[in-house]
Asker: 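Pasting a structure here, questions to come.
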Amino acid sequence: MRKIYIFDTTLRDGEQSPGVNLNTREKVEIAYQLEKLGVDRIEAGFPAASPGDLAAVNAVARAVKNASIIGLARAREQDIDAVREALKGAQDPCLHLFLATSPIHRQHKLRMEKEQVKDTARSAIRYARQYFDKVEFSLEDAGRTEYDFMVEMVTMAVEEGAYVVNIPDTVGFLTPYEYGNIFKHLKENVPNIEKVQLSAHCHDDLGMATANALAAILNGADQIEGTINGIGERAGNTALEEVAMALETRQDFFGAKTSLTLSEIARTSRLVSKLTGMVVPGNKAIVGANAFAHESGIHQDGMLKEKTTYEIMSPETIGFKATKLVMGKHSGRHAFREHLIELGYDLTEEALNEAFAKFKILADKKKEISDDDLFALLEERLADAPELFQLDSLFVSFDSEGAPTAKIRLSTADGEVREEESSGNGSVDSIYNAIDKASQEEVKLADYSIKGVTQGKDALGEVHVALTQDGITAQGRGVSTDILEASARAYVDSLNRLVEKRKTYGRRDNISMI
Ligand SMILES: CC(=O)SCCNC(=O)CCNC(=O)[C@H](O)C(C)(C)COP(=O)(O)OP(=O)(O)OC[C@H]1O[C@@H](n2cnc3c(N)ncnc32)[C@H](O)[C@@H]1OP(=O)(O)O
Ligand SMILES: CC(C)C(=O)C(=O)O
Ligand SMILES: [Mg+2]
């Protein structure tokens with residue numbers, strides 16, 4: 001099968017992402033991981049940029065043994081000399097020279113005519129070839145360069161002994177059809193083109209970097225340049241993990257592959273994200289947190305029956321643990337039951353239906369339901385006391401000037417609805433006074449405690465309440481995303497247990513029941 005070389009520029013173009021600055025230790029750590037991932041070539045930096053970058057490239061060059069190490073240089077001798085210095089100690093060094101070729105860059109940036117551009121590039125390649133067996137030459141902004149001038153420049157690079165010729169779509173301007181066509185045109189029009197490897201380097205300004213890289217492969221590119229997680233200048237570069245997985249998943253279509261160890265992709269992505277501080281969006285292809293997560297009931301049901309219904313790759317292939325069936329408001333009963341079984345709850349049909357109904361109510365209030373949420377929800381259900389009183393609704397008004405007031409509606413086991421309003425020393429006190437009025441029970445609050453059971457600002461809160469009445473104590477528990485609602489539920493739960501105990505043990509019992 002045709003091999004596509006992977007040129008990783010996370011440490012150079014990736015580091016050009018605004019706000020990213022990797023020190024030597026961080027560059028070496030990423031380079032070691034790229035070596036494990038199996039990339040063929042690592043562009044470690046731009047040594048002329050600063051003494052720190054030169055030192056970092058040198059540290060990478062000395063550390064990495066199983067990939068070619070590359071340093072970038074402008075078409076200037078001092079830049080080339082900086083790369084010479086930086087790549088001392090590299091097992092397989094390569095110099096990457098670039099010069100812009102498009103009319104816009106020639107006229108406004110370089111202020112050079114075509115001939116000057118060609119001569120400058122030729123002299124630089126010649127100078128570099130005295131010191132490097134491997135020289136890659138890039139036609140910066142090739143994507144906006146005239147076809148005939150591009151052919152001239154590539155022909156010159158082949159004549160001067162370049163090893164790789166790179167055709168960057170520097171500003172992410174081209175469509176896959178146009179970009180692929182450039183490779184086809186060069187293959188058909190540059191003499192001795194087979195003497196060099198052709199490389200694709202794409203940017204994602206229009207969201208087409210990966211598609212463009214794949215179009216280049218279909219039209220004869222030998223090497224793909226890109227970064228992990230697609231980081232890089234502006235909207236970033238081609239995400240290498242996307243190219244590798246596209247080739248792997250669609251071997252039938254591309255008939256090409258990389259030599260990456262695919263199971264290292266997830267680890268590499270996490271490391272790059274951690275050290276660059278660039279968070280991977282949840283919906284990012286291949287490495288986003290949601291790339292193998294399913295929240296909707298119909299998809300979850302399909303996944304439980306046969307994974308290939310909704311997954312074209314398995315998360316294990318790229319080193320993620322397993323597909324996640326996320327519990328949320330779109331989840332269905334099949335996935336809910338399966339998830340509870342995994343957590344150790346094998347509920348009867350009736351209990352499952354009841355728990356599922358509560359889960360849906362909670363899911364309307366929370367983005368995602370964690371296992372802790374489910375434990376809290378189920379344990380409350382499993383320990384439910386017979387409901388003499390049921391909390392139907394709660395309304396609390398708070399005003400920093402005056403006392404808070406609570407309106408409560410309780411219904412009793414025999415269908416009576418009772419509505420009461422009361423104020424108190426605080427919101428919770430006003431709720432409890434209103435419940436006392438509605439329940440017509442005389443109880444004393446013996447204990448009240450509150451704790452968060454899950455994380456985040458929409459976390460579940462759990463309230464414990466102990467009530468006493470004529471020597472009987474009963475404890476109750478309430479769980480909700482709203483702490484006042486949890487407080488009311490705990491009070492009503494405790495009240496129900498107290499009344500139940502009174503029936504069982506008589507009035508002067510002092511046994512507490514949880
Ligand atoms: C498409 C890309 O990603 S290219 C790589 C981009 N990366 C970087 O620029 C990061 C590192 N760069 C730097 O640290 C600095 O820009 C340096 C050290 C390279 C140069 O800094 P300075 O000497 O202050 O120049 P400055 O960056 O302001 O301007 C760039 C100069 O290089 C010239 N230049 C740009 N590309 C090339 C090239 N490939 N070959 C030769 N000269 C070039 C520009 O025309 C300009 O020249 P001028 O000073 O005669 O007008
Ligand atoms: C230096 C070159 C290859 C580059 O990064 C670009 O043109 O985008
Ligand atoms: Mg680039």
Side-chain angles (χ1 to χ4, degrees), residues 7-22 41 43-57 70-83 86 94-102 104-113 116-125 127-128 135-145 150 153-154 157 162 164-174 179 182 197-206 208-210 212-213 216 221 223-227 230-240:
F7 175 118
D8 180 282
T9 183
T10 305
L11 301 179
R12 198 279 297 170
D13 215 327
E15 203 201 17
Q16 285 175 209
S17 309
V20 174
N21 184 350
L22 297 164
R41 294 155 190 175
E43 185 166 52
F46 192 156
S50 69
D53 210 33
L54 191 152
V57 174
I70 295 151
L72 183 66
R74 289 174 297 175
R76 292 192 179 182
E77 290 187 5
Q78 73 265 29
D79 280 27
I80 297 169
D81 292 342
V83 177
C94 174
L95 175 93
H96 182 185
L97 263 181
F98 73 99
L99 188 60
T101 53
S102 67
I104 295 175
H105 281 235
R106 290 191 317 253
Q107 187 188 339
H108 301 289
K109 187 182 80 174
L110 299 176
R111 298 184 181 137
M112 288 182 187
E113 298 300 325
Q116 263 178 296
V117 170
K118 196 158 97 179
D119 290 348
T120 306
R122 189 191 291 280
S123 309
I125 300 174
Y127 180 75
V135 172
E136 168 168 331
F137 178 68
S138 285
L139 290 75
E140 188 190 355
D141 204 18
R144 293 188 294 175
T145 299
M150 207 170 357
M153 289 295 289
V154 176
V164 175
V165 175
N166 184 31
I167 311 296
D169 180 22
T170 304
V171 289
F173 178 71
L174 296 181
Y179 193 59
I182 293 180
Q197 290 185 4
L198 277 184
S199 176
H201 178 114
C202 305
H203 281 269
D204 211 28
D205 301 68
L206 293 173
M208 292 191 279
T210 297
N212 283 347
Q223 170 176 286
I224 296 299
E225 304 191 3
T227 59
I231 65 170
E233 191 82 46
R234 304 181 311 280
N237 289 62
T238 299
L240 290 176

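Note that ligands are numbered from 1 as they come in the structure, with each ligand's atoms numbered from 1 the same way. In this text, all values refer to a predicted model and were calculated from it rather than measured experimentally.
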Asker: Spell out, as yes or no, whether a donor-acceptor pair under 3.5 Å connects the side chain of D169 to the backbone of G143.
Answerer: no
Asker: Within 4.0 Å of atom 47 (O) of ligand 1 (strictly less), any protein heavy atom?
Answerer: yes
Asker: Within the structure, does R74 bring an N/O atom to less than 3.5 angstrom of an N/O atom in ligand 1?
Answerer: yes
Asker: Report yes or no: does S102 contribute a side-chain atom to a donor-acceptor pair with the main-chain N or O of T145 at less than 3.5 Å?
Answerer: no
Asker: Protein heavy atoms near atom 26 (P) of ligand 1, is at least one of them under 4.0 angstrom away?
Answerer: no
Asker: Nearest heavy atom to atom 40 (N) of ligand 1: which of A75, G45, A49 does it belong to?
Answerer: A75
Asker: For atom 39 (N) of ligand 1, grab the closest protein heavy atom and report residue, atom and distance to one decimal in Å.
Answerer: F98 O, 2.6 Å
Asker: Using only atom types and a distance under 3.5 Å, with no angle test, would you say the side chain of D205 pairs donor to acceptor with the backbone of R234?
Answerer: no
Asker: Measuring to protein heavy atoms, does anything land under 4.0 Å from atom 51 (O) of ligand 1?
Answerer: no
Asker: Is the side chain of H96 donor-acceptor paired with the backbone N or O of G71 at a distance under 3.5 Å, no angle test?
Answerer: no
Asker: Of all the non-hydrogen atoms in the protein, which one sits nearest to atom 7 (O) of ligand 2, and at what distance?
Answerer: T170 OG1, 2.7 Å
Asker: Any side-chain heavy atom of K109 within less than 4.5 Å of one from E140?
Answerer: yes
Asker: Tell me, which protein residue and heavy-atom name are nearest atom 4 (C) of ligand 2, and how many Å apart are they?
Answerer: H201 NE2, 3.4 Å
Asker: State whether the shortest distance between N or O atoms of A48 and N or O atoms of ligand 1 falls below 3.5 angstrom.
Answerer: no
Asker: Using a heavy-atom cut-off of under 4.0 Å, does the side chain or the backbone of R12 touch ligand 1, or both, or neither?
Answerer: side chain
Asker: Protein heavy atom under 4.0 angstrom of atom 15 (C) of ligand 1, is there one?
Answerer: no
Asker: Please indicate, with yes or no, if any protein heavy atom is found under 4.0 Å from atom 42 (N) of ligand 1?
Answerer: yes
Asker: Would Q16 count as a polar contact of ligand 1, with the cut-off being nitrogen or oxygen pairs under 3.5 Å?
Answerer: yes
Asker: Write the atom name of the N, O or S atom in D13 that is nearest the Mg ion (ligand 3).
Answerer: OD2
Asker: Can you confirm whether Q116 is buried at CD, in the sense that more than 12 heavy atoms of other residues, nucleotides or ligands lie under 6.0 Å from that atom?
Answerer: yes
Asker: Give me the nearest non-hydrogen protein atom to atom 49 (O) of ligand 1 as residue plus atom name, then the distance to 0.1 Å.
Answerer: R76 NH2, 4.5 Å
Asker: With nothing but distance in play, are any N or O atoms of E140 less than 3.5 Å from an N or O of ligand 1?
Answerer: no
Asker: Between T9 (side chain) and T227 (backbone), is there a donor-acceptor pair under 3.5 Å?
Answerer: no
Asker: Which ligand 1 atoms does K109 reach within 4.0 Å, using its non-hydrogen atoms?
Answerer: 45 (O)
Asker: For atom 3 (O) of ligand 1, is the nearest protein heavy atom closer than 4.0 Å?
Answerer: yes
Asker: Going by an N to O cut-off under 4.0 Å, is there a salt bridge joining E225 and R12?
Answerer: no
Asker: Which is closest to atom 5 (O) of ligand 2 in terms of heavy atoms, E140, E233, R12, E136?
Answerer: R12
Asker: Below 4.0 angstrom from a heavy atom of F46, which ligand 1 atoms are there? Numbered from 1 as shown, please.
Answerer: 5 (C), 7 (N), 8 (C), 10 (C), 11 (C), 19 (C)
Asker: Backbone or side chain, does any N or O of H203 fall under 3.5 Å from an N or O of ligand 2?
Answerer: yes
Asker: Closest heavy-atom contact between E233 and N237?
Answerer: N-OD1, 4.0 Å
Asker: For N166 and S138, test the side chains for any donor-to-acceptor distance below 3.5 angstrom and give the result as yes or no.
Answerer: yes
Asker: Look at E225 and state whether any of its N, O or S atoms is less than 2.8 Å from the Mg ion (ligand 3).
Answerer: no
Asker: Would you mind checking if R144 and D141 are paired as a salt bridge, meaning a charged N to carboxylate O distance below 4.0 Å?
Answerer: yes
